[in-house]
Amino acid sequence: NDDDFTYDEGTDSTSEANHQTYKVDKVEGVKSAELKIGGGAARFLLEQAEPGQLFAADTRLAGVSGFTLREEASGSHQKVVFKMKSQKNIRLNDKGLDRKVTLKLNTEPVWDINMEIGAGDLKYDLTPYKVEKITLETGASNIDLKLGDLLSESNVKIESGVANIEIAVPENVGCEIKMDGALNAKNFTGFTKIKSGLYRTEGFDSAAKKIYIDTDSGMSNFTVRRY
């Protein structure tokens, strides 16, 4: 379905932000889901969707006319494409502009998440979700991810320009980091350097559950911590 699913629209007079809400119902029997996000400068947050919803979003964006939302389902798989419409030439820190996107996902299916965003702040607690793969392509950004242990294998791919990246991984999961980028300040407490650009936690090979992190960034502060 290529229509825009816009259910509420208004203007916040204090910030001149265009407020819209979107939702996609979960198809019965869906086991896996794919989410593709395209957006410009904004703060991206994550919450759990209401029962019966696969995906929902609440956006407050100054200088943007909204998002397009497309959904398709095939068998036990459902796909959502959520992309920002054309925007004015504005930056995330422009004074007085409210630019926030709150995404809401169902916790039941196995997720493949792909995000292509401009300069932005992204803070996701992914511990309630079964995330098989998450791919982030960003410009200048602050990325804060907390990963869970609900799957035997999870993959994280980050391509960024100038970035501050912090990822939290569970103590009970083996973790491997591959890093490409000449100008990186890194803090990988609890990891052993295997070779240039490759780090692993102790006992990685025998771990029942594994997380693979692959980053390619221009200049970044990169921290991976255990919790």
Quiz item: Could you go step by step and tell me if V27 and L54 meet the side-chain contact (heavy atoms from CB on, under 4.5 Å) rule?
Solution: CA-CA 8 Å; V27 174; L54 178 75; over 6 Å; no
Quiz item: Do K209 side-chain atoms and D149 backbone N/O form a donor-acceptor pair below 3.5 Å?
Solution: yes
Quiz item: Just by modelled atom types, is the N106 backbone N or O under 3.5 Å from a matching donor or acceptor in the W111 side chain?
Solution: yes
Exercise. Grab the two heavy atoms, one from T127 and one from L150, that are nearest each other, plus how far apart they are.
Key: O-CD1, 3.6 Å
Quiz prompt | Side chain to side chain, S32 and H77, heavy atoms closer than 4.5 Å | solution = yes
Practice problem: Would you please test T68 and M84 for side-chain contact (heavy atoms from CB on, under 4.5 Å) and show each step? | Solution: CA-CA 6 Å; T68 61; M84 188 180 289; over 6 Å; no
Practice problem: Calculate, to the nearest 0.5 Å, the distance between atoms NZ and CD1 belonging to K178 and I213 respectively. | Solution: 12.5 Å
Self-check item: Rounded distance (nearest 0.5 Å) linking atom OG1 of T21 with atom CZ of R60
Solution: 10.5 Å
Quiz item: Looking only at side chains, do D214 and N155 share a donor and an acceptor under 3.5 Å apart?
Solution: no
Quiz item: What's the spacing between E153 CD and I211 CD1 if we round to 0.5 Å?
Solution: 10.0 Å
Quiz item: So, the side chain of Q78 versus the backbone of D25: is there a donor-acceptor pair under 3.5 Å, distance only?
Solution: yes
Quiz item: OH of Y124 to CG of D144: how many Å apart, nearest 0.5 Å?
Solution: 12.0 Å
Quiz prompt | Close side-chain approach of E47 to T102, heavy-atom, < 4.5 Å | solution = yes
Exercise. Would you check if V169 and V224 make a side-chain contact, meaning some heavy-atom pair closer than 4.5 Å?
Key: yes
Quiz prompt | From CA spacing to verdict: side-chain contact (heavy atoms from CB on, under 4.5 Å), L35, L105 | solution = CA-CA 9 Å; L35 174 64; L105 301 182; 3.8 Å; yes
Self-check item: Minimum-distance pair of heavy atoms, taken over all atoms of S217 and G161
Solution: CB-O, 4.0 Å
Quiz prompt | Presence of salt bridge, E71 and K79, under 4.0 angstrom | solution = no
Quiz item: So, F222 versus F188, ring centres under 6.0 angstrom or not?
Solution: yes
Quiz item: Any chance the side chains of N187 and T189 put a donor and an acceptor closer than 3.5 Å?
Solution: yes
Quiz item: Hey, what do you get for NZ (K26) to CD (E50), rounding to the nearest 0.5 Å?
Solution: 15.5 Å
Exercise. Please check if the side chain of Y22 supplies one atom and the backbone of F67 the other of a donor-acceptor pair under 3.5 Å.
Key: yes
Quiz item: Would you call I194 and R200 a side-chain contact if the rule is heavy atoms closer than 4.5 Å?
Solution: yes
Quiz item: For the side chain of R43 and the backbone of K100, is there at least one donor-acceptor N/O pair under 3.5 Å apart?
Solution: no
Self-check item: Contacts of type side chain to side chain donor-acceptor pair (under 3.5 Å), residue N142, not counting sequence neighbours
Solution: D121, N164
Self-check item: Sole residue of I113, L147, L151, T107 in side-chain contact (heavy atoms from CB on, under 4.5 Å) with Y129
Solution: T107
Exercise. Indicate yes or no: at least one non-hydrogen side-chain atom of T215 is less than 4.5 angstrom from one of E159.
Key: no
Quiz item: Would R226 and C175 satisfy side-chain contact (heavy atoms from CB on, under 4.5 Å), going step by step from the backbone distance to the final call?
Solution: CA-CA 10 Å; R226 309 279 266 168; C175 186; 4.2 Å; yes
Practice problem: Determine whether more than 12 heavy atoms belonging to other residues, nucleotides or ligands lie under 6.0 Å from atom NZ of K186. | Solution: no
Quiz item: Where do V30 and P109 come nearest, in terms of heavy atoms and distance?
Solution: CG1-CB, 4.4 Å
Practice problem: Would you confirm whether R99, through its side chain, and A41, through its main-chain N or O, come within 3.5 Å as a donor-acceptor pair? | Solution: yes
Quiz item: Are side-chain heavy atoms of I158 and I143 found at a separation under 4.5 Å?
Solution: yes
Quiz item: Is V81 close to K83 at the side-chain level, that is, under 4.5 Å between some pair of heavy atoms?
Solution: yes
Quiz prompt | L198 side chain near E176 side chain, heavy-atom distance below 4.5 Å | solution = yes
Quiz item: Is the side chain of S206 donor-acceptor paired with the backbone N or O of G203 at a distance under 3.5 Å, no angle test?
Solution: yes
Self-check item: Face-on cation placement of K146 at Y227 ring, 6.0 Å and 45° thresholds
Solution: yes
N/O donor to acceptor pairs below 3.5 angstrom from side-chain atoms of residues 131-140, sequence neighbours left out:
{"residue": "T138", "atom": "OG1", "partner": "S141", "partner atom": "OG", "Å": "2.8"}

Self-check item: CG on L46 to CG on L122, rounded to 0.5 Å
Solution: 8.5 Å
Quiz item: Is the centre of the F191 ring less than 6.0 Å from the centre of the F204 ring?
Solution: no
